[in-house]
Structure formats: C-alpha cells, structure tokens
Amino acid sequence: MLPDNDIAPAVEERARRLSVAASEINHGNLVDENLIIAENEDKMTPYLAALGGFLYGYDTGVVGVALPYVGTQLTGKALSYGQQEIATAATTIGSIFGAAILGLFADKWGRKLCLLIADLFFTAGAIVIASSFSLGQLIAGRLILGVGVGGAAVICPLYITELAPTAARGRCVGTNGFCIPFGQTVSVAIGAGMQHVPHNWRILFGLGVVPSLLQLCLMHFMPESPRVLILRGQDDKAREVLKKIYAYASPEIIELKLKIVKDHVAATTRLQRSTTFWQRTKKLWVYKPYRRSIFTVSFIQVFGQFTGYNTLLYYAGTLFGLLGLSNPSVGGLIPSITNTFFLLCGMVMVDRIGRRGLLMKFGPIMVIGLTWCLVSFYYMCKPTGGYLEEGYVYPQKLVGMVIAGIVVFVVGFGSTYAHLCWYQSEYLALEIRAAGSAISTTASFSANLIVAVTFLTELENLTPAGTYGLYLCFIIIGLVLAYFCYPETKGLSVDEAFTLFSDNYGVKKSKEMRKAKIGMAKTYNEAGPVSPPGLPNSETAAKGGIAHVEEA
C-alpha cells in the first residue's frame, strides 16, 4: 500500500487517466489500456501457467540426449550424422506447418481450441516416437510433434498476452519464454540420469505426454480469450472473463476495459473487412512502416537462431561425446542451466536496461565466447587434423577451455536473443500484429531448420573451428544490423513503438521520444497531477485501485 500522504496524488493520477481514457473512447479513438489500472492488477492469475512453453522446451531439448541412446536399435548400426540431422530437423519442419496453420486459424477457432490441437499433436507425437521400431517411424513422430511445437510457439504468447492483467503482462509473457529453456534443462537433466537405463530413449520421448495431458485436463478450466469472444459477438462472456482477470476491479473499470478491447478488435479486423487477402499481403511489403517493423522482428528471430545455440541442445550428446565426456548428457546440462539462469537475469533487467540496451551491452559477450571456442577448438583438434575424432582422448585442459568458451557464449545468448525475440508484438502495428508475428516466427523456424540440418555436416567439412567461426560471423552481422535497425521501446507504449518506423528504423527517433517523455514526466511531477473536470464517476472509479499506481 502507498503511504497515507501519497494516497491523494495517487487518486488524482488515476482520475486523470480515467478522464483521458473516457474522453478518447467517447471520441472513438483507440486507447492504451495502461491508462485503465485496476486494484491488484499486477497479480498473476493461476490459469496463466505456461505449460505450452515447457512442452516446447522439453521436446526440442530431449532430442539432443535421446538420439545418442538409440544406438543400433532402429537401423542395426549407429545413426549417421545425416540421419541424426534429419531426425532433429523433422520437428522444425513440423513446427513451420504448426505455426502457419494454427496461427492462421487462431481467431476463427479460438485460442483454447488451437492449444487443444497443439496438445493432441504433442501427445500423439510422443507416443509414436516412444513406440518406434524404425527410423522412418521416429522421423514421422518428430514431424507430428513439431506441429504441436509450432502451434505452442505462436498461440501460447498470444493467449497469455490476451488473458494477462495489463500490469503483469510482461511478466506473464516472460514466464512462457522462461519455461522454454527450463523445459530444455529438465529434459537434459532427466536424460543425464538415465544413461544406463534400458529403453532410456523411449522413456525420454514418452515422458513428453505428461505435461501435454496435464494441459489437456486443465483446458476445461481455462477461459477463452476476451478478444475471441468479442469476435464471436459474445460480449457478456468476454465481460465475465475480464472480471476473472481483474477480480478486484470496479464495474466502471471493467466496462472501460471491455470497451477498449472491443475497439481494438474492431481496428484489427477493419483492414481484413475492407481489403482482400492479396491486397493485405501486398501492403505488408509495399507500406514502408509495415515492412520495416516486420524486417526488424524477423531479423532478431533469424540471427538468434544463427548464433548456433540450438546446436548445443540438438546435438549435446554427440558434441560432448566427441569431446570425451563419459556422460555427454551431463555436458549438455552446462549450456541448458546457464541459458536458463541468464535468461531469467535478462528478463529482470529488460524493463530497466531496455531491449536494444540489453542486445548492445550483452551481445558482444557472444562474440567473445565464440572467439574463445574457435581458438580452443583450433588448438585442441590440431593432433586430429583439425577435426573432432571419435575415441580420441583430447587434452583435458583444452576440453575445459572449449566448455568455458561455450559458457561465456551462452551467458550472452541467454541475456539477449533467448528472450528478446518474444517481445516482437510490441514492434508491430495492431492491424498487422498477427500476420507480422506469423512471418517472423516462420522465419525463425526456417533459420532453425537450416542450423539443424547442417551442423554435423559442417563439423565434418568445415572443422569445429570453422563451424563456430561461421556462427561468429552471423553474430557480428546481427549486432551490426541491430545497431542501425533495432530501436529501443523501453518507456514507450505499443502504439508509440510502431510510430518509430514511420521514418527509417527509428533508432534516433526512439531516443528523442523517450527523452521528451522523461522531460514531460519531470514537468508533470513538479507541477503536480491535476484531475480534469467533467469525468463521470471519476472519484468512484479512482477508488478501485490506489494500491498500485504506475508512471503515466
């Protein structure tokens, strides 16, 4: 609670926000929902658990530890590098279809049904893989599983965003992002402990049904998104969901929030009603602000994949086995745990340092880490002609240097790309938010596919030093692009963020806008808040939540 002497200014500030919002609504303008704050709005509701993110993480991380355990059981001999790449890439191929199809029908079918379909694919894929008796069946299971992964990647952040209280939205979406590396860490940890368990790879893949079945059971208790209910003309049901989300809000606050959601839905669908599919598609690329914003979020996704981090998950058992670790899966825990911890650190710092600020400050750590890896691999592999040779015992000091370089690289990755890619929607205009997110997510999975199907081949042809030298080049290119094309959105509303792209990529404009807002806030604080006259029920509405007041 605020101290007593701060309550009056808090009430006045809330009244001022409500006055602004009511005035804008009455004039038919879109309103930033941050103006309407309910009591205890920053409380995270229990149905926002990000099981979809955990499933995504578990099923992408488990392949790195499970595939080496397959041994000769499926083909009569150990899986070749090419076969491992195909089995790994199958999930990414399925993800592209899952993201495209479920993302396309998310409005028509609803978020709940799309998540239900994703869970069914997760469950079916895990069962098919666990019962595989041929490589083809395992690959088919990975394809099925991939549809669930792609669906979860698109629908979970969208669903959480639309159900989260405004004040807790960043944390709720961030929780989903955190659950991805957490799921990856859990899969690697379980795999490390099952090295000598019979049928260990079947158990590892089969365990994926547990969280998917749990989410299927919980689906009955989850509300539908208010946006979808409004699209269906079910305003009363949407109002009931908002009452659950904002359990302590006054009726006036609920009605204002419902009106804001309805206006935003109308704005989103207006473009669809007035243009054909091909006209909308053309405008995405012809209208420069749309094109710039989509390019920005897409290159963050793509270069996040081209860092090569996922190779440490997909091929953890193979890579750390070649380095000579007796239990390669334990080696796979090193990047997984490091990434999870520093992703959490990045999430804590992102609102203070900013999106661009994090990438510019911590991105160079990835350069240092991969340079360290490159040099260490070069000297370590000298006795074997520059290549990693299975069965050769490399000097432990140099192996330790390679692993240390990997840790340094993951510190930079976890702090930046690991979670920055999930903030893509705030860079996109409301009317293209779904389409732009689908494009950037598809670009991410496509880049992931390229990395997944080439890594082991690159080790064989480019040498380990050359492979990580290639990823190092991509990191540098990505940072240079970000320097010129990735504006800061810290302190800006979603609507303000998109206006950055009206002239060029808005890096300089962002600095000017944020400087101006800081100056305005300082002036406002010095003058004291003034509640404009003429607001119906402003005093009553203001009393709905004086305990949690944010900066305007």
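This one's a predicted model, so the numbers in the text were calculated from it and none came from an experiment. We're numbering straight along the sequence, starting at 1.
- Separating the CD atom in Q73 from the CG atom in L135 is a distance of 13.0 Å, to the nearest 0.5 Å.
- Contacts of R142 classified as side chain to side chain donor-acceptor pair (under 3.5 Å), with partners at least two apart in sequence or in another chain: T91.
- Applying the ring-ring contact (aromatic ring centres under 6.0 Å, His included) test to every pair with at least one member in residues 341-378, sequence neighbours left out, gives these pairs: F377-Y468.
- Ring geometry for Y417 versus F413: interplanar angle of 30 to 60°, hence tilted.
- Between Q424 and the options S440, S298, S293, a side-chain hydrogen bond (donor to acceptor under 3.5 Å, both in side chains) holds for only S440.
- By the side-chain contact (heavy atoms from CB on, under 4.5 Å) test, S446 is found to be paired with I96, T442, residues two or more places apart in sequence or in another chain being considered.
- Note on residues 385-411: pairs passing side-chain hydrogen bond (donor to acceptor under 3.5 Å, both in side chains), not counting sequence neighbours, are T384-Y394.
- Among residues two or more places apart in sequence or in another chain, the ring-ring contact (aromatic ring centres under 6.0 Å, His included) test is passed with F501 by none.
- Classification of the F498-Y290 ring pair by plane angle, with boundaries at 30° and 60°, yields tilted.
- The 12-atom threshold is exceeded at OH of Y309, counting heavy atoms of other residues, nucleotides or ligands nearer than 6.0 Å.
- Listed by chain and number, the residues in a side-chain contact (heavy atoms from CB on, under 4.5 Å) with I475 are T307, M366, V367, L370, F409, L479 (sequence neighbours excluded).
- At distances below 3.5 Å, at least one donor-acceptor pair connects side-chain atoms of Y315 with backbone N or O atoms of A452.
- Of the possible polar contacts, none joining the K515 side chain to the S510 backbone as a donor-acceptor pair under 3.5 Å is found.
- E85 places none of its side-chain heavy atoms less than 4.5 Å from the side chain of S80.
- For the side-chain contact (heavy atoms from CB on, under 4.5 Å) test, residues two or more places apart in sequence or in another chain that qualify with A447 are V302, Q305, F306.
- One N or O on the side chain of S95 and one on the backbone of G146 form a donor-acceptor pair closer than 3.5 Å.
- Here Y69 pairs with nothing under the ring-ring contact (aromatic ring centres under 6.0 Å, His included) rule; sequence neighbours left out.
- Residues passing the ring-ring contact (aromatic ring centres under 6.0 Å, His included) test with Y58: none are found, sequence neighbours excluded.
- The salt bridge (charged side-chain N to carboxylate O under 4.0 Å, His left out) test applied to R355 returns D351, E426, not counting sequence neighbours.
- No donor-acceptor distance shorter than 3.5 angstrom exists from the side chain of D59 to the backbone of L145, with no hydrogens or angles considered.
- Using a distance-only test at 3.5 Å, with no hydrogens or angles considered, a donor-acceptor pair links the side chain of T467 to the main chain of E458.
- Listed by chain and residue number, V209 satisfy the side-chain contact (heavy atoms from CB on, under 4.5 Å) test with A126 (two or more places apart in sequence, or in another chain).
- For F320, there are no ring-ring contact (aromatic ring centres under 6.0 Å, His included) partners, not counting sequence neighbours.
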